[in-house]
Asker: 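Please find one structure pasted underneath; my questions will follow.
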Protein chains: 2
Amino acid sequence: MKKLQCDLKTNIQRQLALKDAIELLSGKWKISILRSLYLSGPLRFKDLTVVSGGITPKVLSSELQQLEENMLISRTVNNTKPVTVSYALTNYALETLPVIEALVKFGLQHRATIKSKI
Amino acid sequence: MKKLQCDLKTNIQRQLALKDAIELLSGKWKISILRSLYLSGPLRFKDLTVVSGGITPKVLSSELQQLEENMLISRTVNNTKPVTVSYALTNYALETLPVIEALVKFGLQHRATIKSKI
DNA sequence: CAGAATCCCTGGGGATACTG
DNA sequence: CAGTATCCCCAGGGATTCTG
């Protein structure tokens with residue numbers, strides 16, 4: 001009984017945590033952005049528009065701001081001739097790598113099973 | 001060079017796979033539904049509305065249909081007095097567990113770090 | 001180059017009520 | 001109970017243009 005209550009409690013905690021995580025990472029581009037930064041290291045605004053493939057500046061700007069608010073990326077301005085800005089993963093963002101890896105793995109499996117069905 | 005091209009190619013594959021996975025699991029409730037089914041085993045429609053907490057029948061119905069289309073859940077009708085319907089995870093859906101677990105883990109960490117900041 | 005400003009628009013999601 | 005039928009709404013996204 002004690003055990004059961006404890007389990008219930010932790011499950012609720014986990015349910016809430018799950019919702020939080022989904023909320024943080026929700027959006028059409030955030031996870032792809034994180035993965036790009038992980039693979040390529042710090043990238044500039046323009047690079048991200050290219051790498052992400054098809055995202056418009058306004059939307060990218062929005063996504064980046066949200067990611068920065070949640071401490072998942074850092075923004076640094078470089079004093080170059082025309083000003084450039086670099087975005088990089090924070091250490092904290094490394095915690096999201098397992099999520100991304102799991103998603104990629106699942107996606108690959110899914111593509112494989114789909115292909116075998118056709 | 002050969003190696004680099006190969007890496008690029010697999011990265012593109014992975015990028016696409018990632019997009020697919022995100023697409024499949026996108027939605028405000030899908031992942032929570034999957035987790036509930038995983039924890040509790042097969043559940044009926046009504047149960048899912050309760051467990052998910054606040055989802056309306058129309059939306060639940062929509063989410064379930066999409067999940068079924070993607071072979072992540074199965075729908076079975078039981079010949080009971082008033083008809084009942086059970087939803088269960090497919091074997092295939094088990095592949096999503098790492099994703100869910102990773103999300104929960106991240107969510108818990110996030111809550112911890114947030115709490116420590118306040 | 002890095003973005004802000006504007007305008008637009010679809011659909012995901014919700015509230016409510018109804019049916020078999 | 002297990003949904004469908006309607007109606008509704010706004011926020012997430014997008015296209016385009018403009019500025020420092």
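Chain identifiers are assigned alphabetically (A, B, ...) following the order of the sequence lines, protein sequences preceding nucleic acid strands; residue numbering begins at 1 within each chain.
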Asker: Are the side chains of B/T96 and B/L89 in touch, meaning some heavy atoms are under 4.5 Å apart?
Answerer: no
Asker: Within this structure, what is the CG-to-C1' distance between B/L60 and D/dA2, rounded to whole angstrom?
Answerer: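 Going from B/L60 (CG) to D/dA2 (C1'), I get 10 Å.
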Asker: OP1, OP2 of D/dG3 versus side-chain N and O of B/R44: anything below 4.0 Å?
Answerer: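 So the side-chain polar atoms of B/R44 never come under 4.0 Å of the phosphate oxygens OP1 or OP2 of D/dG3.
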Asker: Could you check how far CG of B/L67 sits from P of C/dG12, rounded to whole Å?
Answerer: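 One finds 14 Å between P of C/dG12 and CG of B/L67, rounded.
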Asker: Which is more 5' along DNA chain D, the nucleotide nearest B/V83 or the one nearest A/V83? Just name the residue.
Answerer: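 Taking each residue's closest nucleotide, the earlier one in sequence belongs to B/V83.
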Asker: Is it true that A/Q66 and A/S62 share a donor-acceptor pair across their side chains at a distance under 3.5 Å?
Answerer: yes
Asker: Could you tell me the separation between the CZ atom of B/F45 and the P atom of D/dC1, rounded to a whole number of Å?
Answerer: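 In whole Å, D/dC1 P and B/F45 CZ are 11 Å from each other.
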Asker: Please report the distance, rounded to the nearest Å, between CG in A/L43 and P in C/dA2.
Answerer: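 In whole Å, C/dA2 P lies 10 Å from A/L43 CG.
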Asker: Mark yes or no for whether A/S32, through its side chain, and A/S52, through its backbone, hold a donor-acceptor pair below 3.5 Å.
Answerer: no
Asker: Does some side-chain heavy atom of B/I100 sit less than 4.5 Å from a side-chain heavy atom of B/Y38?
Answerer: no
Asker: B/I22 versus A/K30: any side-chain heavy-atom pair under 4.5 Å?
Answerer: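 No; the side chains remain at least 4.5 Å from each other.
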Asker: Could you write nucleotides 13-18 of chain D as a row of B, S and -, 5' to 3', where a protein heavy atom under 4.0 Å of any base atom gives B, of only sugar-phosphate atoms gives S, and otherwise -?
Answerer: BBB---
Asker: Calculate the interatomic distance between A/K46 atom NZ and C/dA4 atom C1'; express it in whole Å.
Answerer: 17 Å
Asker: Taking 4.0 Å as the cut-off, does a side-chain nitrogen or oxygen of A/Q65 come that near to OP1 or OP2 on C/dA4?
Answerer: yes
Asker: C/dG13 C1' sits how many Å from B/L64 CG, rounded?
Answerer: 15 Å
Asker: Do A/L97 and A/L34 touch side chain to side chain, with heavy atoms closer than 4.5 Å?
Answerer: no
Asker: With a 4.0 Å limit, can you tell me whether B/Y87 has a side-chain N or O closer than that to the phosphate oxygens OP1/OP2 of D/dG3?
Answerer: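 Indeed, a polar side-chain atom of B/Y87 lies that close.
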Asker: Give a yes/no on whether any side-chain N or O of A/S61 is located under 4.0 angstrom from OP1 or OP2 of C/dA4.
Answerer: yes
Asker: Take atom CD1 of B/I22 and atom C1' of C/dG12, then tell me their distance rounded to the nearest Å.
Answerer: 17 Å
Asker: Roughly, in whole Å, what's the span from CD1 in A/I31 to C1' in D/dG12?
Answerer: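 Atom-to-atom, A/I31 to D/dG12, this comes out as 16 Å.
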Asker: Would A/V104 end up clustered with B/L94 when hydrophobic side chains under 4.5 Å apart are linked, directly or stepwise?
Answerer: yes
